[in-house]
Amino acid sequence: MLSARVLTAAPLTLVLLSLSGCSSHWGCTDTRAERGKAGVRVQVVDTSGRPIGVTAEVVDWRLEPHPQEPSKGDRVHFHYRFDGADESNGPAVDACAVNKERVALICQTVDSSEAFGPHRDHTGDGWLAADHPEQVAGVLVIPNDQSYGGRTCEQDRKDGGGVHPPKPAAVGDHL
């Protein structure tokens, strides 16, 4: 008698689990977008690789001591610009100091909402503390928009998942 009740209730239990998002067959997957080719000037792309109508550019860079920490030696001081960015919720891209082989020496994410200039021209500056500043041959930006904050499957098994930006660039990455 007990086994008949279990057999009768099993399909109903599976349906309820399936509807609640607890089923192992829910199909939540996380993937990372492919990293685009870094450059001095790039068209920013979404997680599908489509341009979003914003250009990110490293306007110039130089080695110099940071004014608040001059005793720490030279740092990479760079200026960047976002053309076509929205004032409040534009993209963010990784900027990296690279050697002559385009290997990242240090990277940081720069956000267009933090880029403002005297004429609201979406310009900003940043400082990168490379371990060996004498090896810096340039500063490049990676075109992938890093501002997308979609939920992962781990955070939300039912509604999370999908394509996320590539992992942020790191020291040693070939760009």
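The structure presented is a predicted model; accordingly, all values stated were derived computationally and were not measured.
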| field | Heavy-atom side-chain contact between Glu114 and Phe82 under 4.5 Å | value | no

* With the 4.5 Å side-chain cut-off for hydrophobic clustering, are Tyr80 and Trp127 part of the same group? -> no

Between Gln43 and Pro143, the two heavy atoms sitting closest are O-CB, 3.3 Å

For the pair Asp173 and Arg35, find out whether any cationic side-chain nitrogen is under 4.0 Å from an anionic carboxylate oxygen.
yes

Nearest heavy-atom approach of Ala129 to Ile106 is O-CD1, 3.7 Å

Review point. With distance as the sole criterion, is a donor-acceptor pair present between the side chains of Gln146 and Thr109 under 3.5 Å?
Key: no

Problem set entry | Steps toward side chain to side chain contact (heavy atoms under 4.5 Å, CB included) verdict (Glu69, Arg75) | CA-CA 10 Å; Glu69 300 177 308; Arg75 305 272 176 99; 3.3 Å; yes

Between the OG1 atom in Thr123 and the CZ atom in Arg81, the distance rounded to the nearest 0.5 Å is 7.5 Å

Between Asp94 and Ala169 the two heavy atoms that sit nearest each other are OD2-N, 3.0 Å

Full working for side chain to side chain contact (heavy atoms under 4.5 Å, CB included) between Gln135 and Leu105 | CA-CA 8 Å; Gln135 294 179 1; Leu105 303 173; 3.9 Å; yes

In one Ile/Leu/Val/Met/Phe/Trp/Tyr side-chain cluster, 4.5 Å: Val110, Val136:
yes

Closest non-hydrogen contact found for Ala38 with Arg102 is O-NH2, 2.7 Å

Any link between Val58 and Leu63 through a network of hydrophobic side chains (Ile, Leu, Val, Met, Phe, Trp, Tyr) touching at under 4.5 Å?
yes

(Q) Given 3.5 Å as the limit, does a donor-acceptor pair link the side chain of Arg32 with the main chain of Pro165, or not? (A) yes

Original post:
Yes or no on side chain to side chain contact (heavy atoms under 4.5 Å, CB included) for Arg41 and Thr55, after CA distance, side-chain angles and deciding distance?
Top reply: CA-CA 7 Å; Arg41 181 179 168 91; Thr55 301; 3.6 Å; yes

What about Val93 and Val54, same hydrophobic cluster or not, with Ile/Leu/Val/Met/Phe/Trp/Tyr joined at side-chain heavy-atom distances under 4.5 Å?
-> yes

Worksheet item: Do Cys107 and Val171 come within less than 4.5 Å of each other through their side chains, counting heavy atoms only?
Response: no

Check your understanding: Within the distance-only criterion (no hydrogens, no angle test), does the side chain of His174 pair as donor or acceptor with the backbone N or O of Glu101 below 3.5 angstrom?
Key -> yes

Would you say CD of Glu134 has more than 12 non-hydrogen atoms from neighbouring residues, nucleotides or ligands within 6.0 angstrom? yes

d(His132 NE2, Asn99 CG) to nearest 0.5 Å is 11.5 Å

**Request:** Show the numbers, then the answer: is there a side chain to side chain contact (heavy atoms under 4.5 Å, CB included) between Asn144 and Val45?
**Result:** CA-CA 5 Å; Asn144 305 87; Val45 297; 3.9 Å; yes

Between Ala170 and Ala104, the two heavy atoms sitting closest are O-CB, 3.4 Å

In short, Ser147 meets Asp145 closest at the heavy-atom pair OG-OD1, 2.7 Å

Is any side-chain heavy atom of Val44 closer than 4.5 Å to a side-chain heavy atom of Pro51?
-> no

* In one Ile/Leu/Val/Met/Phe/Trp/Tyr side-chain cluster, 4.5 Å: Val40, Leu128 -> yes

Quiz item: What do you reckon, is CD of Glu34 surrounded by more than 12 foreign heavy atoms closer than 6.0 Å?
Solution: no

